[in-house]
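Each remark here refers to the structure printed beneath this line.
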Amino acid sequence: LPSSEAQATMAELRQRKKAGSSTYGQPSKKNAGPSNIQGSPEMSPALLFLVIPVIILPGAACGYAYHTYGINFFIPESMQYLSHSAVEWQTEILPDKTVLYLGGPHRGGTTILWECLREHPDMADFGKTDTTGVDLSEGIFLQDVYPSFGIGAEVLQADWKLRRGGLGQYALLPEHRIHLNETYKRMNPMGQERLFNRFGYFWNLTKPVLLEKSPPNCVISRFLQAVTNLNVPGGLSVTLDPNNEDKPRFEGQSKASFVFINRHPFANAMSHQAWGSCKNMPFGLLIANWVQLNEYMHADIPFLQKVKGPTRNQHMAHTYTHHAHTHTHLHITHVHVHIHIHVHMHDTTFTLHVHRKGCVRFLVFKMEDFQQDPDPYLNEIYSFVGLDPTQVTRTVNVKKDTNSKYLYGPHAHTHKQYPYATHM
């Protein structure tokens, strides 16, 4: 264009820009107002009030879940399995491992024991909650080979009377549903493969000892021992005397070891009530659950080749004392265990006697003893599974007496409002 025409054209473009038009004759977005933008609705405050929570609340929930449970919470469970076959587990992995299972009553010391044991550099565990994406990294929540007995599902049913199992009462379910042994339907290579591919996803399989902690291990120990040793060369085989089914015969060495920890039944019951999901449960029901759980646990011990507690007593006798202002009497007698609980106005005793003929290793220890001096117990367990106790120094702080606030403190008598079981 001639320079005069170019100058005219540029002047025209400047005028259009000032008028709020783009170089293509359309309204400028920067300067356009209601008069030259048609159909642009204004968001009402009410609509804004509804939209903001829809955006913020899911984001906050996801943020909380990520902070608490970690990235695995958002990964489909189907993607959190190893791909080893049952034969690979039986012939290549498990023969050189010891799987250590921890169990005992909920609120009974399993978690603090697990936190201490996992510090050993040669012991593999699942990691903490933000690693596994499940509460307290308990294996029972990770897998689907055996049931979880309603534990963890309490939030779905606020009324404890309508729950099927769950914390504080799962041991009172019908025995065939909870007390699992070698005859359980999933005790086969498929069950073994699925269970250990799930657990193995979180274990460091280069370490010699694989740790799993779930309180209900104490009522499914025979199944766990069987599925861990299934078809493992040199592993444990258990046969029963046809004339005496309560007298097992062991052949081989078990790849599964067990440590059980227990707690004063009254403190255990009241610590359950301190949890929101159990706060309205009757004290007597919680005691009955504790007693039934102990019966199953001790009935199974003669069938376990490797089970650990203090070696100081070949016959265990627990004695607890504290003051109470009520009266109850529970008594259970079993072929392998005699449990007697007697509560009187000013004296409570709890004695538990177990007799194992011909067994070298012992069974259960008290949380209260462990709290007073943890290191001897930890060193004993490390040696039990073939680890060097000198390779680790405990950094976990173990409180010396967590029972006092229940047995002697301001909450000591809150249970008197609940009905008591008088006989079982």
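Remember, it's a predicted structure, so these values are computed and weren't measured experimentally.
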With sequence neighbours excluded, tell me which residues meet ring pair (Phe, Tyr, Trp, His ring centres under 6.0 Å) with Trp89. His84, Phe196

So which heavy atom on Phe199 is nearest to which on Gly139, and how close? CE2-O, 3.6 Å

Using only atom types and a distance under 3.5 Å, with no angle test, would you say the side chain of Ser137 pairs donor to acceptor with the backbone of Gly127? yes

With rounding to the nearest 0.5 Å, note down the distance linking CZ in Phe370 to NZ in Lys400. 11.0 Å

Any donor and acceptor pair, going by atom type alone, linking the side chain of Gln143 with main-chain N or O of Leu195 inside 3.5 Å? no

For Glu115, which residues count as a side chain to side chain donor-acceptor pair (under 3.5 Å) partner, sequence neighbours excluded? none

Any donor and acceptor pair, going by atom type alone, linking the side chain of Glu88 with main-chain N or O of Ser85 inside 3.5 Å? yes

So CG of Leu113 and CG of Leu378: to nearest 0.5 Å the spacing works out to 6.5 Å

With a 4.5 Å heavy-atom cut-off, do Gln192 and Leu94 have their side chains touching? yes

Residues two or more places apart in sequence or in another chain: which of them pass side-chain contact (heavy atoms from CB on, under 4.5 Å) with Thr402? Arg263, Met367, Gln371, Lys399

Donor-acceptor pair, Arg107 side chain versus Ser271 backbone, under 3.5 Å? yes

Any salt bridge (charged side-chain N to carboxylate O under 4.0 Å, His left out) involving residues 142-157? Give me the pairs, sequence neighbours left out, ordered by first then second residue. Asp144-Arg194

Side-chain (Asn197) to main-chain (Tyr81) donor-acceptor, under 3.5 angstrom: no

Less than 4.5 Å apart, side chain to side chain, heavy atoms only: is that true for Phe266 and Ile287? yes

Treating Asn72 as the side-chain partner and Thr131 as the backbone partner, does any N or O pair qualify as donor plus acceptor under 3.5 Å? yes

Would you mind reporting whether Met297 and Val219 have side-chain heavy atoms less than 4.5 Å apart? no

Residues in side chain to side chain donor-acceptor pair (under 3.5 Å) contact with Thr395, at least two apart in sequence or another chain: Glu119

Distance-minimising heavy-atom pair for Pro95 and Pro233: CG-CD, 4.4 Å

Got a list of side-chain donor-acceptor pairs under 3.5 Å for residues 170-177, not counting sequence neighbours?
unit_1: Glu175; atom_1: OE2; unit_2: His179; atom_2: ND1; d: 2.9

Just verifying a value: how many Å separate Cys278 SG and Asn289 CG, rounded to the nearest 0.5 Å? 9.0 Å

Non-hydrogen atoms of Asp375 and Arg394 that approach each other most closely: OD1-NE, 2.9 Å

Looking at OG1 of Thr183 and NZ of Lys185, how far apart are the two atoms once the value is rounded to the nearest 0.5 Å? 12.0 Å

According to the side-chain hydrogen bond (donor to acceptor under 3.5 Å, both in side chains) rule, which pairs have a member within residues 199-210, sequence neighbours left out? Asn204-Thr206

Side chains of Glu77 and Arg198: does their closest heavy-atom pair fall under 4.5 Å? yes

Testing the basics here: between Leu407 and Ala267, what is the closest heavy-atom pair and its distance to 0.1 Å? CD2-N, 3.8 Å

Verdict with supporting geometry, Asn294 and Asn262, side-chain hydrogen bond (donor to acceptor under 3.5 Å, both in side chains): CA-CA 9 Å; Asn294 269 271; Asn262 216 336; 2.6 Å; yes

Test side-chain contact (heavy atoms from CB on, under 4.5 Å) applied to Thr68 and Phe73, step by step: CA-CA 9 Å; Thr68 304; Phe73 181 83; over 6 Å; no

Taking the side chain from Lys255 and the backbone from Gly235, do they hold a donor-acceptor pair closer than 3.5 Å? no

State whether the side chain of Ser214 and the backbone N or O of Pro216 hold a donor-acceptor pair below 3.5 Å, judged by distance alone. no

Given the rule in the side-chain contact (heavy atoms from CB on, under 4.5 Å) test, do Phe384 and Asn379 qualify, once you have shown the distances and angles that lead to the verdict? CA-CA 8 Å; Phe384 172 61; Asn379 293 341; over 6 Å; no

Mind checking whether His106 and Asn268 have side chains closer than 4.5 Å, heavy atoms only? no

The criterion is side-chain contact (heavy atoms from CB on, under 4.5 Å); which residues satisfy it with Pro208, sequence neighbours excluded? Asp122, Leu387

I'd like to know whether Thr98 forms a side-chain contact (heavy atoms from CB on, under 4.5 Å) with Leu210, so could you lay out the CA-CA distance, the side-chain angles of the two residues, the decisive distance to 0.1 Å, and finally the verdict. CA-CA 6 Å; Thr98 294; Leu210 310 176; over 6 Å; no

Would you say that Cys218 contacts Leu293 through its side chain, given a criterion of any heavy-atom pair below 4.5 Å between the two side chains? yes

Working note: Val385 + Met123, criterion side-chain contact (heavy atoms from CB on, under 4.5 Å); need CA distance, chi angles, decisive distance, verdict. CA-CA 10 Å; Val385 294; Met123 188 173 291; 4.3 Å; yes

Heavy-atom side-chain proximity of Leu211 to Leu102 below 4.5 angstrom: yes

Determine whether Phe260 and Ser221 make a side-chain contact, defined as any pair of heavy atoms from C-beta on separated by less than 4.5 Å. yes

Among all residues two or more places apart in sequence or in another chain, which pass the side-chain contact (heavy atoms from CB on, under 4.5 Å) test with Pro189? Ala86, Gln90, Leu230, Asn231

Considering residues at least two apart in sequence or located in another chain, which fulfil the ring pair (Phe, Tyr, Trp, His ring centres under 6.0 Å) criterion with Tyr101? Phe258

Salt bridge (charged side-chain N to carboxylate O under 4.0 Å, His left out) pairs touching residues 211-229, sequence neighbours excluded, are Glu138-Lys213, Glu182-Arg222

Between CD of Gln372 and OH of Tyr377, what distance do you get to the nearest 0.5 Å? 9.5 Å

Tell me the closest heavy-atom pair linking Trp114 and Leu136, and the distance in Å. CH2-O, 4.2 Å

Please, which pairs that meet side-chain hydrogen bond (donor to acceptor under 3.5 Å, both in side chains) have at least one residue in residues 156-167, sequence neighbours excluded? none

Main-chain N/O of Leu236 paired to Asn229 side chain as donor or acceptor, under 3.5 Å: yes

Please name the pair of heavy atoms, one in Tyr296 and one in Ile178, separated by the smallest distance, quoted to 0.1 Å. CE1-CG2, 4.1 Å

At what distance, to the nearest 0.5 angstrom, does CG of Asn217 lie from OG1 of Thr110? 9.0 Å

